[in-house]
Amino acid sequence: MESYLMITQINDFIFCPRSIYFHDVYRGNVHAEFYNQTPQKVGLAAHAAIDDKTYSTRSEVLMGTMVYCEKYKLLGRIDLFNISTGVLTERKYSVTAIYDGFRYQLYAQYLALKEMGYSIREIRLYSKKDNKIYPLELPSEEDIAKFELVLAKMRNFKMTEKFTLNPNKCVHCIYRALCDVAPDNTDE
(Lines give C-alpha, C1' and ligand atoms only; values in the text may rest on other atoms or scores of the structure.)
Protein backbone atom coordinates (compact mmCIF):
# COMPACT_ATOMS: atom_id res chain seq x y z
CA MET A 1 0.00 0.00 0.00
CA GLU A 2 1.40 3.36 -1.03
CA SER A 3 1.17 5.98 1.68
CA TYR A 4 0.16 9.56 1.07
CA LEU A 5 2.45 12.60 1.04
CA MET A 6 1.66 15.76 2.93
CA ILE A 7 1.22 18.73 0.60
CA THR A 8 3.46 20.92 2.78
CA GLN A 9 6.25 18.38 2.35
CA ILE A 10 6.55 19.29 -1.33
CA ASN A 11 7.96 22.73 -0.56
CA ASP A 12 10.15 21.28 2.21
CA PHE A 13 11.51 18.57 -0.09
CA ILE A 14 12.45 21.06 -2.78
CA PHE A 15 14.17 23.21 -0.14
CA CYS A 16 16.13 20.14 1.02
CA PRO A 17 15.18 16.48 0.56
CA ARG A 18 16.57 15.62 3.99
CA SER A 19 14.40 18.17 5.79
CA ILE A 20 11.31 15.93 5.72
CA TYR A 21 13.16 13.24 7.68
CA PHE A 22 14.48 15.74 10.23
CA HIS A 23 11.07 17.36 10.59
CA ASP A 24 9.59 13.97 11.46
CA VAL A 25 12.37 13.34 14.00
CA TYR A 26 11.59 16.61 15.75
CA ARG A 27 7.81 16.25 15.48
CA GLY A 28 7.75 13.08 17.50
CA ASN A 29 10.31 14.03 20.11
CA VAL A 30 10.66 17.76 20.62
CA HIS A 31 8.19 20.60 21.14
CA ALA A 32 8.16 22.98 18.16
CA GLU A 33 9.00 26.00 20.31
CA PHE A 34 12.45 24.48 20.91
CA TYR A 35 13.45 24.25 17.25
CA ASN A 36 11.27 26.74 15.35
CA GLN A 37 13.25 29.82 14.51
CA THR A 38 11.92 33.29 13.69
CA PRO A 39 10.92 32.48 10.07
CA GLN A 40 8.84 29.49 11.19
CA LYS A 41 7.22 31.47 14.02
CA VAL A 42 6.38 34.34 11.67
CA GLY A 43 4.95 31.88 9.15
CA LEU A 44 2.77 30.25 11.79
CA ALA A 45 1.52 33.67 12.89
CA ALA A 46 0.65 34.52 9.27
CA HIS A 47 -1.54 31.40 9.13
CA ALA A 48 -3.23 31.94 12.50
CA ALA A 49 -6.42 33.48 11.06
CA ILE A 50 -6.70 30.53 8.66
CA ASP A 51 -5.96 27.87 11.27
CA ASP A 52 -8.40 29.46 13.72
CA LYS A 53 -10.96 29.90 10.91
CA THR A 54 -11.38 33.58 11.78
CA TYR A 55 -10.19 35.02 8.44
CA SER A 56 -13.69 35.16 6.97
CA THR A 57 -17.24 34.38 8.01
CA ARG A 58 -18.48 34.00 4.43
CA SER A 59 -19.83 30.51 3.80
CA GLU A 60 -18.42 30.39 0.26
CA VAL A 61 -14.86 30.70 1.58
CA LEU A 62 -13.15 27.46 2.56
CA MET A 63 -10.24 28.10 4.92
CA GLY A 64 -7.88 25.66 6.51
CA THR A 65 -9.86 22.86 4.91
CA MET A 66 -8.34 19.40 4.59
CA VAL A 67 -8.11 18.11 1.02
CA TYR A 68 -7.05 14.77 -0.41
CA CYS A 69 -6.00 13.85 -3.93
CA GLU A 70 -6.47 10.15 -4.61
CA LYS A 71 -4.62 10.21 -7.95
CA TYR A 72 -1.39 11.54 -6.42
CA LYS A 73 -1.92 10.31 -2.84
CA LEU A 74 -1.62 13.82 -1.39
CA LEU A 75 -3.13 15.14 1.83
CA GLY A 76 -3.06 18.63 3.23
CA ARG A 77 -4.84 21.85 4.04
CA ILE A 78 -5.69 24.65 1.72
CA ASP A 79 -5.38 28.19 3.04
CA LEU A 80 -8.25 29.88 1.20
CA PHE A 81 -10.57 28.85 -1.58
CA ASN A 82 -13.46 31.06 -2.63
CA ILE A 83 -16.03 28.70 -4.10
CA SER A 84 -17.99 31.45 -5.86
CA THR A 85 -14.99 33.07 -7.59
CA GLY A 86 -12.91 29.90 -8.01
CA VAL A 87 -9.82 31.59 -6.51
CA LEU A 88 -7.37 29.42 -4.57
CA THR A 89 -4.91 31.37 -2.40
CA GLU A 90 -1.84 30.13 -0.58
CA ARG A 91 -0.78 32.61 2.11
CA LYS A 92 2.87 33.16 2.96
CA TYR A 93 4.36 35.66 5.34
CA SER A 94 6.72 36.98 2.68
CA VAL A 95 7.00 36.16 -1.01
CA THR A 96 10.32 37.34 -2.43
CA ALA A 97 10.29 34.96 -5.41
CA ILE A 98 7.96 32.38 -6.91
CA TYR A 99 9.79 29.21 -5.92
CA ASP A 100 8.95 25.82 -7.41
CA GLY A 101 8.02 24.61 -3.92
CA PHE A 102 5.36 27.33 -3.63
CA ARG A 103 4.10 26.60 -7.14
CA TYR A 104 3.91 22.81 -6.62
CA GLN A 105 2.21 23.23 -3.25
CA LEU A 106 -0.51 25.22 -5.03
CA TYR A 107 -0.67 22.64 -7.84
CA ALA A 108 -1.28 19.91 -5.25
CA GLN A 109 -4.09 21.91 -3.65
CA TYR A 110 -5.53 22.70 -7.08
CA LEU A 111 -5.47 19.05 -8.16
CA ALA A 112 -7.07 17.91 -4.89
CA LEU A 113 -9.86 20.49 -5.13
CA LYS A 114 -10.41 19.67 -8.79
CA GLU A 115 -10.65 15.96 -7.98
CA MET A 116 -13.16 16.85 -5.26
CA GLY A 117 -15.36 18.49 -7.91
CA TYR A 118 -14.55 22.18 -7.40
CA SER A 119 -13.99 24.60 -10.27
CA ILE A 120 -10.73 26.49 -9.82
CA ARG A 121 -10.29 29.52 -12.09
CA GLU A 122 -7.23 31.11 -10.51
CA ILE A 123 -4.37 30.14 -8.22
CA ARG A 124 -2.26 32.70 -6.43
CA LEU A 125 0.18 33.42 -3.64
CA TYR A 126 -0.45 36.12 -1.09
CA SER A 127 2.41 37.85 0.73
CA LYS A 128 1.17 39.11 4.09
CA LYS A 129 4.28 41.19 4.79
CA ASP A 130 3.70 43.56 1.88
CA ASN A 131 0.04 42.74 1.12
CA LYS A 132 0.81 41.63 -2.45
CA ILE A 133 -0.91 39.03 -4.58
CA TYR A 134 1.05 36.94 -7.07
CA PRO A 135 -1.23 35.24 -9.60
CA LEU A 136 0.09 32.02 -11.14
CA GLU A 137 -0.93 30.29 -14.32
CA LEU A 138 -3.02 27.18 -13.89
CA PRO A 139 -0.76 24.16 -14.44
CA SER A 140 -0.19 23.03 -18.02
CA GLU A 141 0.43 19.41 -19.01
CA GLU A 142 4.17 20.17 -18.94
CA ASP A 143 3.85 21.68 -15.45
CA ILE A 144 1.99 18.59 -14.23
CA ALA A 145 4.69 16.33 -15.68
CA LYS A 146 7.38 18.25 -13.74
CA PHE A 147 5.20 18.11 -10.63
CA GLU A 148 4.85 14.33 -11.02
CA LEU A 149 8.64 13.98 -11.25
CA VAL A 150 9.04 15.81 -7.94
CA LEU A 151 6.49 13.50 -6.30
CA ALA A 152 8.33 10.45 -7.68
CA LYS A 153 11.62 11.79 -6.31
CA MET A 154 9.99 12.34 -2.93
CA ARG A 155 8.63 8.81 -2.81
CA ASN A 156 11.97 7.29 -3.83
CA PHE A 157 14.34 9.46 -1.79
CA LYS A 158 16.75 7.68 0.54
CA MET A 159 18.74 9.53 3.21
CA THR A 160 21.87 7.71 2.04
CA GLU A 161 21.59 9.14 -1.50
CA LYS A 162 24.02 11.81 -2.50
CA PHE A 163 22.52 15.18 -3.24
CA THR A 164 23.82 18.60 -4.05
CA LEU A 165 24.23 20.82 -1.03
CA ASN A 166 23.19 24.43 -1.25
CA PRO A 167 25.19 26.30 1.41
CA ASN A 168 22.85 29.30 1.11
CA LYS A 169 19.95 27.08 2.13
CA CYS A 170 21.91 25.11 4.74
CA VAL A 171 22.87 28.27 6.59
CA HIS A 172 19.17 29.04 7.16
CA CYS A 173 18.04 25.47 7.82
CA ILE A 174 16.63 24.80 11.29
CA TYR A 175 17.79 21.17 10.99
CA ARG A 176 21.47 21.81 10.23
CA ALA A 177 22.49 20.78 13.76
CA LEU A 178 21.14 17.29 13.02
CA CYS A 179 22.47 17.09 9.48
CA ASP A 180 25.70 15.21 8.98
CA VAL A 181 26.40 16.88 5.62
CA ALA A 182 25.54 20.53 6.31
CA PRO A 183 28.57 22.81 5.68
CA ASP A 184 28.98 23.86 9.33
CA ASN A 185 28.95 20.20 10.48
CA THR A 186 31.77 18.88 8.30
CA ASP A 187 35.46 18.64 9.05
CA GLU A 188 36.40 20.59 5.93
Side-chain angles (χ1 to χ4, degrees), residues 2-16 19-20 23 32 36 38-155 169 172:
E2 186 174 31
S3 62
Y4 62 85
L5 295 172
M6 295 299 295
I7 291 173
T8 58
Q9 289 178 326
I10 299 168
N11 188 34
D12 294 343
F13 182 83
I14 291 172
F15 178 80
C16 174
S19 69
I20 295 171
H23 182 81
N36 277 347
T38 301
Q40 289 77 32
K41 291 174 185 174
V42 168
L44 289 169
H47 276 97
I50 301 299
D51 297 337
D52 299 340
K53 297 192 185 302
T54 57
Y55 179 81
S56 175
T57 57
R58 294 174 28 210
S59 61
E60 71 269 13
V61 176
L62 301 178
M63 64 189 122
T65 303
M66 289 296 292
V67 294
Y68 180 73
C69 182
E70 177 67 29
K71 179 176 181 179
Y72 294 107
K73 305 288 188 261
L74 295 167
L75 177 70
R77 289 189 190 277
I78 59 165
D79 283 349
L80 293 169
F81 178 62
N82 187 314
I83 298 168
S84 61
T85 64
V87 176
L88 172 63
T89 304
E90 173 66 21
R91 293 170 53 92
K92 302 288 183 191
Y93 173 71
S94 176
V95 176
T96 57
I98 308 298
Y99 297 106
D100 284 344
F102 294 172
R103 185 183 314 279
Y104 293 155
Q105 190 176 0
L106 264 168
Y107 289 177
Q109 295 170 13
Y110 164 83
L111 291 165
L113 284 169
K114 191 173 169 186
E115 192 177 274
M116 293 167 68
Y118 290 102
S119 175
I120 302 92
R121 295 180 198 94
E122 181 183 340
I123 60 174
R124 64 189 191 176
L125 292 167
Y126 170 75
S127 177
K128 183 177 179 182
K129 181 179 179 181
D130 52 9
N131 195 32
K132 287 189 180 177
I133 293 173
Y134 298 87
L136 302 177
E137 294 290 323
L138 293 178
S140 65
E141 286 183 28
E142 183 181 332
D143 294 329
I144 296 296
K146 289 177 184 176
F147 172 76
E148 289 171 344
L149 285 174
V150 169
L151 296 181
K153 287 179 184 177
M154 288 177 70
R155 287 195 165 89
K169 289 182 178 180
H172 300 289

Practice item. Under the side-chain contact (heavy atoms from CB on, under 4.5 Å) rule, what do Leu88 and Gln109 come out as? Steps first, then yes or no, please. Key: CA-CA 8 Å; Leu88 172 63; Gln109 295 170 13; 3.8 Å; yes

What distance do [X] atom [atom1] and [Y] atom [atom2] have between them, rounded to the nearest 0.5 Å?
X: Leu113; Y: Ser119; atom1: CG; atom2: OG; result: 10.5 Å
X: Leu111; Y: Leu74; atom1: CG; atom2: CG; result: 8.0 Å
X: Asp79; Y: Thr65; atom1: CG; atom2: OG1; result: 10.0 Å
X: Leu106; Y: Tyr110; atom1: CG; atom2: OH; result: 11.5 Å
X: Leu75; Y: Glu70; atom1: CG; atom2: CD; result: 11.5 Å
X: Lys153; Y: Glu148; atom1: NZ; atom2: CD; result: 13.5 Å

Over all heavy atoms of both residues, which pair between [X] and [Y] is shortest? Give the atoms and the distance, please.
X: Ser127; Y: Ser94; answer: OG-CA, 3.5 Å
X: Ile120; Y: Lys114; answer: CD1-N, 3.6 Å
X: Lys128; Y: Tyr126; answer: CA-CE2, 3.5 Å
X: Arg91; Y: Leu80; answer: CD-CD1, 3.9 Å
X: Arg103; Y: Leu136; answer: NH1-CD2, 3.9 Å
X: Glu60; Y: Ser84; answer: CG-OG, 3.6 Å

Taking C-beta and beyond as the side chain, do [X] and [Y] meet within less than 4.5 Å on heavy atoms?
X: Ile14; Y: Tyr99; result: no
X: Val67; Y: Ile7; result: yes
X: Glu90; Y: Asn11; result: no
X: Ile133; Y: Thr89; result: no
X: Tyr118; Y: Leu62; result: yes
X: Lys92; Y: Gln105; result: yes

Review point. Stepwise, does the ring pair (Phe, Tyr, Trp, His ring centres under 6.0 Å) test hold for Tyr107 with Tyr104?
Key: CA-CA 5 Å; Tyr107 289 177; Tyr104 293 155; 5.7 Å; yes

Check your understanding: Step by step, would you call Asp100 with Val150 a side-chain contact (heavy atoms from CB on, under 4.5 Å)?
Key -> CA-CA 10 Å; Asp100 284 344; Val150 169; over 6 Å; no

Review point. For the rings on Phe147 and Tyr72, is their centre-to-centre separation under 6.0 Å?
Key: yes

Point to revise | Short side-chain donor-acceptor distance under 3.5 Å, Tyr68 and Glu115 | key: no

Practice item. Kindly indicate, with the supporting measurements, whether the criterion side-chain contact (heavy atoms from CB on, under 4.5 Å) is fulfilled by Leu5 and Leu151. Key: CA-CA 8 Å; Leu5 295 172; Leu151 296 181; 4.0 Å; yes

Check your understanding: Between Arg77 (side chain) and Gly64 (backbone), is there a donor-acceptor pair under 3.5 Å?
Key -> yes

